[in-house]
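The next block holds one structure in the form of structure tokens; read it before the comments.
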Amino acid sequence: MQARHPNGDIRQKKGSKQQMIERISRNEIRRRAHRFVKSWENAKNERSESQSFWNSFFHVFGKDRREVGEFERAVKKLGERQGFIDLFWPGQLVVEQKSAGKDLEKAADQAFDYLSGLKKHEKPRYVLVSDFQNFVLHDLEERAEHAFRLAELPDRLELFDFIAGYDTRIHTGEDPANIEAAERMGKLHDALAESGYTGHDLELFLVRILFCVFAEDSGIFQQDHGFEDYLRDETREDGSDLGPQLAQIFQVLNTPESRRSKNLNTLLQTFPYVNGRLFADFSPMPSFDSGMRKALLECCAFDWKEISPEIFGALFQSIMNREKRRNLGAHYTSERNILKLIHPLFLDELWRELGRAGKNGRKLEAFHDKLAGLKFLDPACGCGNFLIVTYRELRKLEMEVLRRLNPRKKQRQLSIDVLNDMAKVNVDQFYGIETEEFPARIAEVAMWLTDHQMNRALSAEFGAYYVRIPLTHAATICHGNALETDWQSLVAPEDLFCILGNPPFRGSKWQNATQRKEMKTIFAGVRGAGVLDYVSAWYLRAAQYIQGTRICCAFVSTNSVSQGEQAGILWKPLLEEYGVRIHFAHRTFQWTSEARGKAAVFCVIIGFAAYDAENKWLFEYETPRTELPERQRAGNINPYLVNSPDVTIERRSKPLCDVPGMFTGNKPIDDGNYLFTIEEKEAFLEHEPHAAPYFRRWMDGKGFINNRPRWCLWLGQCAPHMLKKMPESLKRIEAVRRFRQNSKSKPTQKLSETPTRFHIETMPEGNSIVVPQVSSERRLYMPIGFIGPETLCSDKIKLIPDATLYHFGVLTSMMHMEWMRYTAGRLKSDYNYSNTLVYNNFPWPEKLNGKQTQKVETAARSVLDARAQFPESSLADLYDPLTMPPVLLRAHQNLDRAVDTCYGKRKFTSERERVEFLFQRYEKLKRSER
């Protein structure tokens, strides 16, 4: 008789409970499998080693091979030829063994030939072929093929449940925790929440269930799938007794074996003592129904043992939110980005240190002790992704140390006690702060699960099944606000090795009232700090914490902390008051994740400390979307992530050099009453022809770039007697007056007294250079142009009245473009140009002769002439990298060369060299200004 698994799997009906208990335990099978792997890792010869190999193989599963199968069973193959099955278990298994390196596909063909010579009741379900080091198991009933290496046997034991006498169980796949896992746990969460089981109790319950489903799939529990089996077989289908049964399981997991009741259910006795920290707190159990029970069993049926550490956080945060569940991965830092941070922060140097130790036992022991003493803090840990990956990488280092310390022991199985003494790196070296309780608890459990994964790797390496149960060590995860918590209360600075993480990015305009208050407190006395992103607070807190220490820090941040106004405001106190120096940095790259939809965020990684470093590294990306960066050595890394002196660029009211001033365009504050499309203008003039002389072309940033001008009704200088003749215009004036009066801003209310005038009025009498405030980061050159007095510009355009072709040429050149890329702010990924920050700080050429100036003007005119060849094309068309005309590109390149010579350079070999030169020149000009 067969019973169907909730996920569609077929399982054989169980025998008696007593029979199940008498079978060899899953953990014992796993221990024997590790010993088997070590014993046979060098086997090669079929003739001399085959039978001993298979006798040992069956012993792993608690079976005496002689009781179930025979060697060299004679059978007629296809074509009536005589053959001999290497190992035959009637009704179950045919084995074909070959020497190492032989073709297993041919071996399988040979084994299948034997099947035709068997009687119907002898035909097996499984065909297994092997060359000692490789296995391929063919499941004829499921039409499935499973290939694996000898070393992977301890992780593939379920395939051989039929040997051990366990139910045949086929999972939905061997995927790590992924979308399907989130959906299953999400269904359980939703079912519990809909029943009224919510809040802290629900969160704690899900954390405990997470541990149990992982523990039963990965060998922490003695009986593989014991948790699922108990819930399925010992609880009613209607779910009415499931809550009390779970409460009893949790109590057992919290009780040492020696203190358990002698009358306890025998099945419950198989569960190990975990510890009193995970299951100690009393929490009411939910009241289940059949649907809730089914949702829980479906979670159990998923294969959790290969769950990926980097997905823990996103997976279980997504459980609490259906929208996040559909977009799993957009809300966490990918492992790829975590490794970008931890490699230069500490991991590369640790591997180099291990390399210097070589095989010297004394040095290796000292290095091992060092690893066991390193402590890490993530002060915005979320679900612990950074701590998890860091711990895993530290354990990999330890594994290599143990390989070098035990070259001979590696060839034989070690005792668990020896392994326990060997493994020194543990989860209690890790600290985190998280503002929400559920992620904090997930982080703590995830560290235990990662620890067990690494213990399995250690088991595979040294041939003994090693598990740390009970859980006597734990990561210290503080549930609290990192900006209000005293970090020293978790770990003393003199004991800490590194601070790392991914603090929240929230921009200044998106912070809530509490966050603004926190920022005001932390940055008290820092001028202009109101524009800083929330992540900036972690930089300042870290700088304060690491004073007088050798602690290294690194954060993933939005690139705004190294650009524009924020860079100067944040880094000035870090550099001058706290002595912070940047040791490495990844310049702007696009945030990547494994999500179905990816978060469009542009980030930097900045590593820093309160002391200087001899070796500094910049990681440069060809474009923000490039996967792999180029690593470059730097003499100094400044706040703009440039290999140049430490400078901070602050807003200034006048240009640093002797050039015309740049001004912001007009700002009407008119609620749109004075602005018209061409169609709206024509319709208005049909009713109000007297208004025609007062219309001016109107250009905002998008209109300038896309050649889509509008019209503005400028009445600021219209005489009162004319206004009286224009009733439709008077209606507009009155609408503007009321709009301003109703504003919450007192300055705007004051403007209602002069409703025909603009808040900002910039109306040059001659031609002006125009620079759009916002421009796409895709463009090699930001579109800049000239405009006449007949056109009014909005405040989204910057104007330079009375400027010359020379000024246009320099501003349109690559020198100014690269300066802008580093000093301008950003709107998402677009450049956000500022006259007070970018233009007024730009280091112009000095001491030019007439010939140099003339050369720039001639090249600038060529750029305008090249544009004029395409009168139907907008600046957006002309400067799109895909459609930019070659003639225009060549004109710009000639202009670049002309401007470069003004700086005394014949050629710059890279963007990096150009920017470094500009920052050095800026620093020189600032010194001379003092």
Are Q92 and Y126 close enough, and set up right, to give a side chain to side chain contact (heavy atoms under 4.5 Å, CB included), and what steps lead you there? CA-CA 6 Å; Q92 286 287 351; Y126 301 99; 4.1 Å; yes
Salt bridge flag under 4.0 Å for residues [X] and [Y]:
| X | Y | answer |
| --- | --- | --- |
| E152 | R149 | no |
| R232 | E228 | yes |
| R32 | E28 | yes |

I'd like to know whether K359 forms a salt bridge (charged side-chain N to carboxylate O under 4.0 Å, His left out) with E365, so could you lay out the CA-CA distance, the side-chain angles of the two residues, the decisive distance to 0.1 Å, and finally the verdict. CA-CA 10 Å; K359 297 182 179 180; E365 291 285 3; over 6 Å; no
Determine whether I249 and L268 satisfy the following criterion, side chain to side chain contact (heavy atoms under 4.5 Å, CB included), listing intermediate values before the conclusion. CA-CA 7 Å; I249 291 175; L268 290 176; 3.7 Å; yes
Only counting residues at least two apart or in another chain, list the ones meeting side chain to side chain donor-acceptor pair (under 3.5 Å) with R356. E349
Test side chain to side chain donor-acceptor pair (under 3.5 Å) applied to Y391 - qualifying residues, sequence neighbours left out: R395, D451, R468
Could you work out, with ring-ring contact (aromatic ring centres under 6.0 Å, His included) as the rule, every residue matching F160, not counting sequence neighbours? F57, F61
Hey, mind stepping through K98 and E96 against salt bridge (charged side-chain N to carboxylate O under 4.0 Å, His left out) and telling me if it holds? CA-CA 7 Å; K98 295 298 180 184; E96 182 63 26; 3.3 Å; yes
Taking the side chain as C-beta and beyond, is there a heavy-atom pair between [X] and [Y] under 4.5 Å?
| X | Y | value |
| --- | --- | --- |
| E67 | F58 | no |
| K44 | S99 | no |
| L278 | W448 | yes |
| K106 | Q110 | no |
| K38 | E41 | yes |
| S50 | F71 | no |
| L246 | L296 | yes |
| L449 | L210 | yes |

Between [atom1] of [X] and [atom2] of [Y], what distance do you get to the nearest 0.5 Å?
| X | Y | atom1 | atom2 | value |
| --- | --- | --- | --- | --- |
| M447 | L471 | CE | CG | 12.5 Å |
| M422 | E398 | CE | CD | 8.5 Å |
| E72 | L87 | CD | CG | 9.5 Å |

Yes or no on salt bridge (charged side-chain N to carboxylate O under 4.0 Å, His left out) for E70 and R65, after CA distance, side-chain angles and deciding distance? CA-CA 8 Å; E70 60 180 306; R65 189 275 313 161; over 6 Å; no
Just to verify, which of I342, I388, L350 counts as forming a side-chain contact (heavy atoms from CB on, under 4.5 Å) with E393? I342
Which of these, T270, I469, L253, sits in a side-chain contact (heavy atoms from CB on, under 4.5 Å) with F221? L253
Pairing donors with acceptors under 3.5 angstrom, does anything connect the side chains of E46 and Q97? no
So, do F462 and H34 have ring centers that fall under 6.0 Å from each other? no
Between F376 and F346, does the ring centre distance come in under 6.0 Å? yes
Shortest non-hydrogen contact from I29 to A164? CD1-CB, 3.8 Å
Exercise: identify the closest heavy-atom pair between Q133 and N42: NE2-N, 4.2 Å
